[in-house]
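We number each residue from 1, following the sequence as shown. Worth saying up front: this structure is predicted, and the values here are computed from it rather than measured.
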Amino acid sequence: MKITILTLFPEMFDGFISNSIIARAISKGLVEVEAVNIRDFTLDKYGRVDTPPVGGGAGLIQKCQPIVDALAKVRTPGSKAVLFSPRGTTYNENKAKEYAQLDHLILVCGHYEGIDERVNAYVDELLSIGDYILTGGEIPSMAVADSVIRLLDGAITADSLKDESFNSPLLEYPQYTEPYDYNGEKVPDILYSGNHAAIEKWRRKQSLKLTREYRPDLFKKIELSKQDKKLLMELESDETPDWEKKALEKGHKFIK
């Protein structure tokens, strides 16, 4: 896969492509990431890429010519050009999975007060990462690129992807590390039981609990199974359910 980012500040991406999972994915040949400077395409004799808005107003607007010519230069057959805009579809995990299937994704970063309206006709999609204002599209493009690259086969282990939040309507269950007791907060004993079926059941219950508490909007989308409903009933009780008691009894020698 190739990801091309059209930006006025390509140096912002130096750290992004040279660290952690992104750098490993690039070194493995799973993805190519290039940051292309829109300024290189301006025909303005002074090298300008922005101008005050026609009709007056605050700030500077990016001119359409440099962006359109940059797009024409980097496009490849089957590529998809995406422009960050508050009018766009709100980005989510499903959109990340859609982009991860592409051979070539082009991300267009706006800056300053905005972009000439006529640029919209030259892209394939408008995209928003949320209802807030940033100084430019560089940070959104990093967020999108990161979320797409990690989905590519071989970028991270398949098990790491399987149980994450937003792969389903449920939030991910709590995760713990050693030590067992940190400032009085202990790792749940069930995780030391060695009973993998019971651990999976406990994790499912915790996911249901967290989703209901923190993301009721997602919880409404869940098609609850009979077991899910039973687990939710258990949450209303302060008593440890029989299946958990049995797992703790059998695994007592592993529990700290």
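- The side chain to side chain contact (heavy atoms under 4.5 Å, CB included) check on I133 picks up nothing, with sequence neighbours excluded.
- In terms of the ring-ring contact (aromatic ring centres under 6.0 Å, His included) criterion, residue partners of F9 (sequence neighbours excluded) are, by chain and number, H111.
- Separation of atoms CE (M142) and CD1 (I22) is listed at 11.0 Å; rounding is to 0.5 Å.
- Residues passing the salt bridge (Lys or Arg N to Asp or Glu O under 4.0 Å) test with E236, sequence neighbours excluded: R212.
- Atoms CD1 and OH, on I199 and Y192 in that order, are 11.0 Å from each other to the nearest 0.5 Å.
- Note on residues 200-246: no pairs pass ring-ring contact (aromatic ring centres under 6.0 Å, His included), not counting sequence neighbours.
- Here CZ of R24 is found 7.0 Å from NZ of K28. Values are rounded to the nearest 0.5 Å.
- Listed by chain and residue number, K63 satisfy the salt bridge (Lys or Arg N to Asp or Glu O under 4.0 Å) test with D44 (two or more places apart in sequence, or in another chain).
- Side-chain contact check for T7 versus M12: every heavy-atom pair is 4.5 Å or farther apart.
- Atom CD of E11 is surrounded by more than 12 heavy atoms from other residues, nucleotides or ligands within 6.0 Å.
- Under a 3.5 Å cut-off, the side chain of S79 and the backbone N or O of R75 do not form any donor-acceptor pair.
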Q: Begin from the C-alpha positions of I149 and L30 and carry the test side-chain contact (heavy atoms from CB on, under 4.5 Å) through to its verdict.
A: CA-CA 8 Å; I149 291 170; L30 303 177; over 6 Å; no

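- By the 6.0 Å contact criterion, NZ on K2 is enclosed, its count of non-hydrogen atoms from other residues, nucleotides or ligands being greater than 12.
- Within the 4.5 Å cutoff, side-chain heavy atoms of L235 are placed close to those of K205.
- Across every non-hydrogen atom of S141 and I5, the tightest pair is OG-CG2, 3.8 Å.
- Legend: residues meeting salt bridge (Lys or Arg N to Asp or Glu O under 4.0 Å) with K246, ordered by chain and number and at least two apart, are absent.
- Tracing side-chain contacts under 4.5 Å through hydrophobic residues (I, L, V, M, F, W, Y), one never reaches V187 starting from Y182; they form parts of separate clusters.
- For Q65, the side chain to side chain contact (heavy atoms under 4.5 Å, CB included) partners are T42, L43, D69, not counting sequence neighbours.
- Here the closest non-hydrogen pair linking L6 and I67 is CD1-O, 4.5 Å.
- The side chain to side chain contact (heavy atoms under 4.5 Å, CB included) with L231 is formed by just one residue from the set R204, K209, Q206; it is R204.
- Residues meeting the side chain to side chain contact (heavy atoms under 4.5 Å, CB included) test with E117, sequence neighbours left out: R87, N120.
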Which atom pairs, one a donor and one an acceptor, fall under 3.5 Å between side chains of residues 102-109 and the rest of the protein, sequence neighbours left out?
residue	atom	partner	partner atom	Å
H104	ND1	T76	OG1	2.6
H104	NE2	T4	OG1	2.8

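- Counting only residues at least two apart or on different chains, the side chain to side chain donor-acceptor pair (under 3.5 Å) pairs with a member in residues 217-226 are R215-D217, S225-D228.
- Applying the side chain to side chain contact (heavy atoms under 4.5 Å, CB included) test to D50 and every residue at least two apart in sequence or in another chain returns R48, L60, Y112.
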Side chains of residues 13-21: which donor-acceptor pairs under 3.5 Å do they make with residues two or more places apart or in other chains?
residue	atom	partner	partner atom	Å
S18	OG	D14	O	2.7
S18	OG	G15	O	3.4
N19	ND2	G15	O	2.7

